[in-house]
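All remarks here apply to the structure that follows.
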Amino acid sequence: MTLLWIPLISLFGSILSSMTGKLTRNQSTALTLLMPFIALFIALSLTPTVFSGEVIRESFAWIPLLDINISLRLDGLALLFVYMILVIGILVIFYARYYLSAKDSLPKLYAYLMLFMTAMLGIVMSNNIVQLWFFWELTSISSFLLISYWWHKSEAREGAIMALTITGAGGLALLAGLLLLGNIVGSYDLDVVISSKAIIQAHAWYEAALILILLGAFTKSAQFPFHFWLPHAMAAPTPVSAYLHSATMVKAGVFLLARFYPALAGTDIWFVIVSFTGLATLLFGAYIALFKHDLKGLLAYSTISHLGLITLLFGLDTKLAAVAAIFHIINHATFKASLFMATGIIDHETGTRDMRKLNGMWRFMPYTATLAMVAAAAMAGVPL
């Protein structure tokens with residue numbers, strides 16, 4: 001029952017955080033941080049088993065009459081994402097303690113962040129494709145709550161509604177695709193699905209299932225032409241942008257590509273749709289970013305461009321390209337979360353994110369400047 005504890009502890013953290021309203025900010029932060037630290041410790045204890053090449057699987061009866069189980073698996077891909085979700089989550093929770101003003105509710109933000117963390121952990125650890133979809137939709141709902149955190153601002157409400165509409169519609173397409181996939185192989189078990197490449201690709205429904213699943217992935221990862229919700233979601237507080245829109249939620253789409261890569265890749269239709277969508281997103285996002293004056297707007301379009309690069313690499317359908325895509329998922333999460341947090345510090349201290357009004361910051365904020373330059377150099381691919 002070890003695997004189940006990872007998302008369960010995160011869910012408990014969400015409930016616990018919501019009840020810390022009468023505690024001091026430091027006490028609320030410490031209690032919230034305790035939960036992902038425990039989950040991270042459990043993940044660390046399982047790491048040697050995964051590194052030895054084993055896949056850890058657990059299954060629990062949920063509705064026995066309908067033969068519905070909660071089914072979890074931890075392999076190399078899932079473990080990579082578990083580390084990313086928990087480690088960046090811990091840093092964002094700590095950062096939010098100092099970012100939010102005294103009049104903003106810290107327990108509410110923590111409760112939403114931990115709920116989102118639970119949903120992401122559920123996606124990457126699911127061993128049942130319908131269960132995966134359930135957690136997929138939970139990320140859309142929890143991100144809606146996080147983006148609309150400053151609900152008194154009209155741009156936050158509009159950004160949240162737009163994100164929920166686009167990712168929710170993509171989620172329905174994904175559900176249809178997963179149901180088709182389950183019918184093709186005769187099982188909703190992920191192990192069975194990803195080992196049934198020949199059966200899936202020989203079936204008449206393969207193209208329909210592939211297109212529907214890709215729609216789910218592309219809407220979540222802000223791929224062209226579904227990219228427009230991401231810049232509007234930047235109305236959220238910067239800790240939310242750093243966590244959802246650089247490190248985790250937008251990575252759910254590329255995780256889906258990686259997860260179903262063994263079963264769906266290797267055909268002309270996969271190559272054409274995935275690589276050309278990735279290429280269009282890569283170029284479009286980079287081009288628009290050049291004209292942005294708002295730091296968060298620039299980072300949003302840069303994120304779209306990098307997600308396009310990862311999608312393009314999966315679309316190229318070679319072993320080396322897939323390895324490069326996985327590596328860049330970690331790389332992008334690290335430097336982009338750092339840049340969002342640096343932007344938040346600049347905005348917090350100066351009251352603006354407009355680059356035309358910001359200069360000479362090195363003298364006043366040398367530490368932030370150093371960190372931002374290191375993260376920007378990482379994004380530019382500068383050695384070391």
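Residue indices begin at 1 and follow the sequence shown.
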**OP:** Kindly determine whether L210 and F260 satisfy side chain to side chain contact (heavy atoms under 4.5 Å, CB included), including the steps that lead there.
**Re:** CA-CA 10 Å; L210 175 66; F260 287 102; over 6 Å; no

Between [Y] and [X], is there a side-chain donor-acceptor contact under 3.5 Å, judged purely by atom types and distance?
X	Y	value
Q223	T281	yes
S126	Q131	yes
K220	T139	yes
Y149	D104	no
Y112	S18	no

Note, [X] side chain near [Y] side chain (heavy atom, < 4.5 Å):
X	Y	result
S241	K296	yes
L256	L132	yes
W136	M120	no
W229	T165	no
I42	I9	yes
L215	L174	no
M114	I15	no
D75	R73	yes

Which heavy-atom pair separates [X] from [Y] by the least distance, and what is that distance?
X	Y	result
V193	V185	CG2-CG2, 3.8 Å
S195	V192	OG-O, 3.1 Å
L307	V254	O-CG1, 4.4 Å
S28	L23	N-CB, 4.4 Å

**OP:** State plainly whether the residues R57 and D191 are in salt-bridge range, i.e. N to O under 4.0 Å.
**Re:** yes

Subject >> Note: D354-K292 ion pair, threshold 4.0 Å (strictly below) >> reply: no

Original post:
For residues 166-183, which residue pairs qualify under side-chain hydrogen bond (donor to acceptor under 3.5 Å, both in side chains), counting only residues two or more places apart or in two chains?
Top reply: S140-T167

Original post:
How far does CG of L34 sit from CD1 of I90, to the nearest 0.5 angstrom?
Top reply: 10.0 Å

Original post:
Out of curiosity, F255 CZ to I326 CD1, how far, rounded to the nearest 0.5 Å?
Top reply: 9.0 Å

Subject >> F81 six-ring face occupied by K251 cation (under 6.0 Å, within 45°) >> reply: no

Original post:
So if you build clusters from Ile, Leu, Val, Met, Phe, Trp, Tyr with side-chain heavy-atom gaps below 4.5 Å, do I304 and L279 land together?
Top reply: no

**OP:** Indicate, with yes or no, if L290 and L295 share a hydrophobic cluster defined by side-chain heavy-atom contacts under 4.5 Å among Ile, Leu, Val, Met, Phe, Trp and Tyr.
**Re:** yes

Original post:
Counting N and O atoms only, with roles assigned by atom type, does the side chain of Y110 sit under 3.5 Å from a partner on the main chain of S105, one being a donor and the other an acceptor?
Top reply: no

Original post:
Under 6.0 Å between ring centres, would you say that holds for F327 and H332?
Top reply: no

**OP:** Flag the pair F224 / H227 as yes when their ring centroid distance falls below 6.0 Å, and as no otherwise.
**Re:** yes

Subject >> Positive for side chain to side chain donor-acceptor pair (under 3.5 Å) with R97, one of N26, T32, T29 >> reply: N26

Subject >> Ring geometry between Y95 and Y99 (parallel below 30°, tilted from 30 to 60°, perpendicular above 60°) >> reply: parallel

